[in-house]
Every structure is written in C-alpha cells, then in structure tokens.
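One structure is given below, encoded as structure tokens.
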Amino acid sequence: MYGFGILKGMAVTMKHFVDSYLDDIYWLTRGRRYYNQDALTVRQSLKGTGAITVMYPEEKLSTPERFRFVPFLVTDDSPGGQGYGKDWCTSCGICAKVCPPQCIWIQRGKLPNGRPNPQPEEFYIDIDICMNCGLCSEFCPFDAIKMDHDYELASFDRTTAHIHDKERLSKPISYWRSLAPRKADAEEAARAQAKAGKGKKRTKGEEAEPQESLVSEAQKRQLIYQGALY
Amino acid sequence: MSETTVLEPQGEEPEGGAAVVEGTPAERALAQLKDRFGDAIVDDEREGYEGVIISADNLIDVASALRDDLGFKYLSSVTGVDLIDDGKLEVVYHVYSIDQGGAPVVLKVQVDREGEPVIPTLVPIWPGADLQEREVWDMFGVKFEGHPDLRRVLTWDGFDGFPLRKDWKEPFFEEEQKPFGSRWPGGGVLRAEELNPYGKNVQYPDGWVPTGQEYDVETNMYDDLHYERDATPGLKTDKVTVNIGPQHPSTHGVFRMVVTLDGETVVDLKPVMGYLHRNHEKIGERNTFLMNIPYTDRLDYLCSMSNNLGYVLAVEKLMDTSVPERAEWIRVLMCELTRICNHAWALGFLLNDLGALQTPMLYLYIERELILDFFESVSGARMMCNYMRFGGVAYDLPDEIRGQETMAFLHELVFERLPQALDEFDTLITNNEIMRARSIGVGYLSPEDAVAMSATGPLLRGSGVAYDIRKAEPYSYYEHVDFDVAVRYNGDIYDRYLVRMDEMRQSLRILAQVLPHLKETAGAAVIDSKPQYAIRVNAGEAYARVEAPKGELGFYVTSKRRGSNPERYHVRAPSFINLTTLGHMSKGHKVADLVGILGSIDIVLGEVDR
C-alpha cells in the first residue's frame, strides 16, 4: 500500500515521543528527570531512552580519567594546603620537543654557578595553539605535566588570557589525584618502584642483582599504558 | 621489485597475459610492461623504493597498456614529490587492479625542476586523475599537457608559488623541521602573528592586484561551463550560472558548486574547494613522524581512528616493528565503531539534505554519542582521538565506561543497542515512499564510470563494484574476521544509502567477532616497543591504504635513512577524489536533487581541503 512506509516510520517517531513522557513519569517520584545526578547517569548510559539531553551548564557530564584538555604542571602540595609547592618539572624539554603544534615554551633555570637548574624559570603554553593531543603528558618522564579536565576556558580577550604562564599552569598533585585517582595511584606506585630499584642499585655489593628487577622509567611507563599498573 | 616472491597467483590471468605466472598481480603486470616497453621502463632502484620510473613520453602508452591489456583499471593516487637535491620533480601514480586485488603498480615520471615541467595528462585514460592532477599542478607546478581544466584547486588563483616545493616557505615560517629551537631552553613566548602581522602575511604574484579592474579571478572557470544546450523551442530562456555555497548549509561545510542551470535543471557543474586548506602535507613534512598522528585526526574529523590507522600503517612499513595481537584487535574494534559513527552521520545528513530534517539524524546521533563516549573513555577525546601509535595503540581499554564495566558496555552496545537502533532506522526510513521517490534513479553512476573516476567506498560499491580494501589488500587483522562486502547495483542515491546500512550491519558482525578476542587477550601488551618520541625510520617510501568509512584513505610517506621527519607526506583523501564524480552525476537533475547527490557522496571538508 502506498504510504505504508511513511506510516510505519511515523510509528517510530511516535514511540520516541511517548518514550520521552514515560521517562518523565518514571522519574517523577524519583527526584525528577532533570537536574538530578541519578537520572543524568541513566540518561547518558546505554539504558537511556526518550530525550537524552544534558541541561548544560546546570548539568554536566563527568569526564573520564583519560579526558584531556590543555596541560597543567604538577607541583607538590604546599604545606598549608593552599596553592602549590615545588615544581616537579625539571625543564628537560621533552614536552616542548614532542609538542606537535609547538605551543610549549620553556626557559630553563640557571644556578648561580651557571649550571642548569632542574627547574623551569618560565613555562608558557599558548592554549590557542594547543591541540589537546596529550603527547606532552604521555612522554613526560617525571609525571610533571598532565592534561587538565577543565574545559571551560572562555575569556573575553585572547591576547592576554590565552597564554598560560607558570603561575596559571601550576596545580598541586592533590588536584591531579582528584581528577584521575586510579591513574595517579598507578603512577605513584610506579615511581615508588623505580625509586626502590634505584636505591638498591646504589647500595654497594649488590651489583650482581639481576637487571630485570630494576624497573626503568620507560618500562614503568609501558606498564601504565598496558593497564598492568591500573 | 627485482626479487620475485613466489606467491599463489591471485585471481585470473588478465587477458593478453604472457608466460610470467609467478608473483603478485602487480609484479606480473610490471614484468609484462617491461617485456613490451623494454628500456623505456627502469626499476626504481633507490633504497626502499618500489615501482618503475618511466619517461614522460611513454606515460600515455604505458598507462593505456596497464588499463586496457593488464586489467589495472583503477588509478588510486596521483601525487608529486620534489626531489630538490636531484633537481627533479617526480609524479607518482598508484594503479590498482579491481579484479585481482593486491598491491599497486607504482609508476613514476621525473621531469626537470627548473623551467616549466610538463607531463602529459592522464585524464583521457583515467578521468579520476582530474582533481589530483590539478592538485599536483597547484602544489608543485607540474603542467599536465592536455588537461581539460588545469587551474589551481586547493589554493586560490592569486596564490604565489607552489607550496609543496621544498624551497617554498609559508608566512609563519620558523624552521624547516620541528621541534623549533626557540621553544627550549630559551623560551621567550611569542605569537607567530606578532612577527607576521595581519595584512603582511600574504604574498601576491607579480602584477596581481587583489581588487580593481584587473580582478579576473575564476573567469576561466565561468567560461568553461557549458551553455550550448538548446533552449526549449518557443519560449526563449537564458541559462543561469549560480554559485551554491560556500556558505550553504547543504554543502556540509565550506564547499562551493558552480552550477549552470537551465530553468531548474543542472546543465553543468564544477566543484570549487580549498576554503579550509591549511596545507596539511607541508605541515606534515615539518613535523616529526609522531607529531603527525594528532594532525591526521583533523583530516576527516568524524573518523579520526581510521585516519590514525592509515598513517600509522604507512610509517610502520618504514620501521622494523610488529604489532601485538591485542593492539590489532583494538584497532579493528575502533575502526569498525568509527565506520558506524560515520555512516550514522552520513545517513543523517543525507536525509537532512533530502528534506527529512533533523529527526532521523538525531535518532542516529544518540547511538553515535554512545560510541563517542567509548572513544572518550579510551583515548581521552571524543573526536580527536590520537589513539594509534607506531607498533600498537596508546593505551589499553579502561576498566569502565560511564560507570559500566568495559566489556559489558561493549557487549551491550554491539549486541543490543546498535542492532536495535539500526532496525528502528530501517523501519523509519528504508521503505519511506518520499525517501524512495527522492532517491531512486537519482544521481546515477555506472560501474565503469565509478572505476574510471577513481570513486571509492560506498560510492563505488553502490555502483555494483565489489571492491573493499579490507578484502582486496587486507591490513591489520581483517583477514581473520568473517564479513561480506556490502554492494548494491543500481548506482543511485538510494543504493548508496542501502550500502551504508549494510556496511553498518557488517561492522556489527565484525565487532561481534572481535569481542571474544578482546576478552582472551585481556592484560596483554598493546604496544610493541617502549613508546618513543624521537622515532627514526628506514629509508624509502611507503604507501598504506585503509578502507576508511568514506573510501580509500591512502598515506604516501617517504623518508631518508634514519629520518625523523617525512620527506614527503601525501594524503589520498577519499572525499576529495570522490568529488570528481559530482558533476557527472548531477547533470540533468534538478537543483533540489543536487543537494541529495552531494550528500550521498558523503564528504568532509577537513579532508577535501586538507
């Protein structure tokens, strides 16, 4: 029958239409459909039916641990719990070398005797240029640069606000732990392991120690990528 | 290609086949060409290179022999290479056999760089060379003698110089190769635009005035459009030339069609592109090998996983590396999910173009969002995934996706959610009378034309040519999975729609086979060697192609010995080359159908313009 295909199609849209109301009714007694974390979780999962809209900015999706948006620099927690402490960055320059759009500018510090200081004097990231690829944090051997989850960076003036300096970039390790707890734990375990390995190596009389037990920096990273340290 | 590896002959011997029976189809074809042309064909003996070098005078004869006698009917890629040290420009042709599958015959023609390099055009033999030869002219300044419409294609008419030549420098030029020395350890931050302020960063050729009386951009193009069709007897009407786009929603971005209309009927059409041109290839040659991976995300920004894979495969050919089993399965998983994502988008927009505004599109987007959630959890970004690495993938699958255990999530997605969604979409659209009336018989492309015009992907298979790279020249683990090549025979919009629906179902079939392997290999390594940022590769060239959702996506990469940056980096973009067929398909149809025909090709401008 001519027109039957259209009618069948309209039945599908009708089903979606009804579904959206069924969902409303279901959530009526469970804290409403919108502005409700439980409802949002279901709406955005494989179980979601009807309208799956997220009411941004009142509602926000949680970001997965690996989410990446504009890097930041990891520092120690400052004693008072305020601000940030000592840089983890040693200004080795790997992130600047690996950065595809070349948006990282590092000025290496100098000690009074003229030798390089393992701390950056200045550290800039031009976030207009940054393509959020995450290669800097992937290849940093000191876990000192990480990808942030803060994606709300709109500002009124790009010429002043969009070059992040060291002040703006530095965030304490506790912040990173709050973003990606599992990843941070794995990294810490790997660091501890590497440190233990190094310590042993230095002890005299233990040269015969098999090399395998010493987890190198690179091996450690590999373990993290493989998920073995998760 | 001097050493002949004895393999099982694939497919049937082409007509006129000589006594040579061993080797791949490409090797046999080359042997026969050498028999016939003798000294005119020389093996390319540079380290790591393949194929043959022929002189420009013999090009037409060799190409005709390849097409007519040896069954190599499909010209996949045409690209230029600037061999500045030898003072030569090289044009590289990759020609495939549709019937026999397998590796390409690679032809190379070298001409002197100085003066006016001229090579005869192959458009009469392979119309698919049209846009690609224009691109080589645009980028390298090689003139193709006899080309019907040799204009710049990606840059604009007033552009000065040939940007892919090695001695050409862009306005924001800093150094030949990254990483730039100014970033570390000196590190004073500077915006590139401060050195090249707006207005001073454009060079014009001598005598070129951007505005004023001399302004005659594109006159050639308008003159070339055909006007000669007879008007209806009786009533005299003029033909009108109309620019559809670049700012037109149905062009899927900034794409422009210059159309000559007789009433509402399309008489002639020319595609105009390049509005998003950023010279991806020049950037790629400045980048190190690793840096290019996130850039490939931005080509076809809907299918970054497939783009990653194509590039990574090309570079892996230049490296001594192997890929662990789990990584291969993850790659297949990602590429097939990408295919579903892309087709969901393509069909949604096709229907949008045909007038089914928003509803079908949004229904499929719900499913696409779920797949993007998966990508986000695995790779860290929804669309710019940057996930593949040389020798594997960047990370293993995470433990959970949106609060659900990963394998459970995938299982539910592949076995329940997506099949249901596809069935629902089938009910919604496939038998819809309006959709059928709008699409059946519209935009016809015959199988012969599709092959001649180098159409790929669903466009080619919708015309009845069962050619899928996953079968013809399997890569990754596609030879270990069981699936059918989706093919339909009528060559119209409706069949392209059906091919995409079939492909999504076949993708689900592949995914169903991949999931058990993922379970089996859980915990195994996902990358071959330790991740390195300063990768050095062997000398030579590599061409790798994958069946991206939009068609054949090829990457041509050459490198010096222990090179850290590609010497030449070329992307054979399916959307770009598929546009060759647009004018041919739209002639005789109404303007309203034109939009649907473009939608059925499924282009993404990030890839067309590069």
Side-chain angles (χ1 to χ4, degrees), chain A residues 2-6 8-9 11-13 15-16 41 44-46 48 52 62-68 91 93-94 96-102 104-108 116 120-124 126 128 131-135 138-139 147 159 163 165 182 218-219 221-222 224-228 230, chain B residues 174 178-180 182-191 287 290-295 298 359 363 366 369-370 373 376-381 384 386 394-399 401-404 409 412-413 416-417 424 427-434 436 523-527 530-531 533-534:
Chain A
Y2 192 80
F4 188 62
I6 297 179
K8 262 169 66 181
V12 173
T13 41
K15 179 178 163 290
H16 275 257
T41 312
Q44 283 291 315
S45 74
L46 292 171
I52 61 153
S62 62
T63 49
E65 279 203 6
R66 290 176 188 172
F67 185 78
R68 45 187 156 82
S91 69
I94 287 180
K97 282 180 220 158
V98 80
C99 175
Q102 296 285 292
I104 302 180
W105 308 69
I106 306 169
Q107 192 183 343
R108 189 166 57 187
E121 195 74 27
E122 292 292 341
F123 200 108
Y124 298 102
D126 189 340
D128 285 338
M131 69 202 298
N132 306 322
C133 66
L135 288 181
E138 199 173 317
F139 288 97
M147 299 304 282
T159 50
I163 292 184
D165 58 6
R182 264 185 284 189
Q219 280 168 328
R221 301 211 63 76
Q222 202 184 344
I224 295 174
Y225 296 135
Q226 288 162 8
Y230 266 56
Chain B
E174 282 188 68
K178 288 176 188 172
F180 298 144
S182 61
R183 301 299 191 270
W184 179 86
V189 68
L190 193 67
R191 289 171 191 279
N287 282 346
L290 180 79
M291 287 176 186
N292 268 335
I293 300 176
Y295 276 96
R298 276 94 178 150
T359 305
Y363 285 179
I366 296 175
E369 280 299 301
L370 294 167
D373 278 347
E376 189 185 26
S377 297
V378 176
S379 71
M384 305 294 123
N386 181 22
Y395 321 95
D396 202 348
L397 303 181
D399 295 342
I401 318 280
R402 289 235 176 275
Q404 198 173 355
F409 177 92
E412 197 175 334
L413 187 72
E416 288 168 38
R417 184 89 200 195
E424 190 188 85
T427 324
L428 179 68
I429 294 297
T430 308
N431 286 317
N432 184 306
E433 282 80 2
I434 303 173
R436 290 167 69 102
V526 294
I527 191 154
K530 63 175 186 192
Y533 65 92

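This structure is a prediction, so every number in the text was calculated from the model and none was measured. Letters go in sequence order (proteins before strands), and every chain restarts at 1.
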Side-chain ([X]) to main-chain ([Y]) donor-acceptor, under 3.5 angstrom:
| X | Y | answer |
| --- | --- | --- |
| Glu65(A) | Arg182(A) | yes |
| Trp184(B) | Ser91(A) | yes |
| Arg66(A) | Val378(B) | yes |
| Glu376(B) | Phe67(A) | no |

### Query
Within a strict 4.5 Å, meaning less than it, do heavy atoms of the Tyr395(B) and Glu138(A) side chains meet?
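Contact flag for Tyr395(B)/Glu138(A) side chains = yes.
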### Query
For the candidates Ile293(B), Ile366(B), Thr359(B), which exhibits the highest count of non-hydrogen atom pairs separated by less than 4.5 Å from chain A?
Ile366(B)
Using heavy-atom distances under 4.5 Å, tell me whether [X] contacts chain A through its side chain, its backbone, both, or neither.
| X | value |
| --- | --- |
| Tyr295(B) | both |
| Thr430(B) | neither |
| Leu370(B) | side chain |
| Gln404(B) | side chain |
| Leu397(B) | backbone |
| Asn292(B) | neither |
| Arg298(B) | side chain |

### Query
Roughly how far, to the nearest 0.5 Å, is the CG atom of Asn287(B) from the CD atom of Gln102(A)?
8.5 Å
Identify which part of [X] has an atom lying under 4.5 Å from any heavy atom of chain B, answering side chain, backbone, both or neither.
| X | value |
| --- | --- |
| Pro64(A) | side chain |
| Pro120(A) | neither |
| Ile104(A) | backbone |

What option among [options] has the most heavy-atom pairs under 4.5 Å with chain B?
| options | answer |
| --- | --- |
| Asp126(A), Thr13(A), Thr41(A), Asn132(A) | Thr13(A) |
| Gln107(A), Lys8(A), Arg68(A) | Arg68(A) |
| Leu46(A), Ile94(A), Asp165(A) | Leu46(A) |
| Met131(A), Glu121(A), Arg108(A), Gln44(A) | Met131(A) |

### Query
Please walk me through it: do Arg183(B) and Glu174(B) pass salt bridge (Lys or Arg N to Asp or Glu O under 4.0 Å)?
CA-CA 11 Å; Arg183(B) 301 299 191 270; Glu174(B) 282 188 68; 3.1 Å; yes
### Summary
What one should report as the nearest heavy-atom pair of Asn432(B) and Ile6(A) is OD1-CG1, 3.7 Å
### Task
With sequence neighbours excluded, tell me which residues meet ring-ring contact (aromatic ring centres under 6.0 Å, His included) with Tyr124(A).
none
### Task
Name all residues meeting the side-chain hydrogen bond (donor to acceptor under 3.5 Å, both in side chains) criterion together with Thr427(B); count only those two or more places apart in sequence or in a different chain, and write none if there are none.
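Here no residue qualifies.
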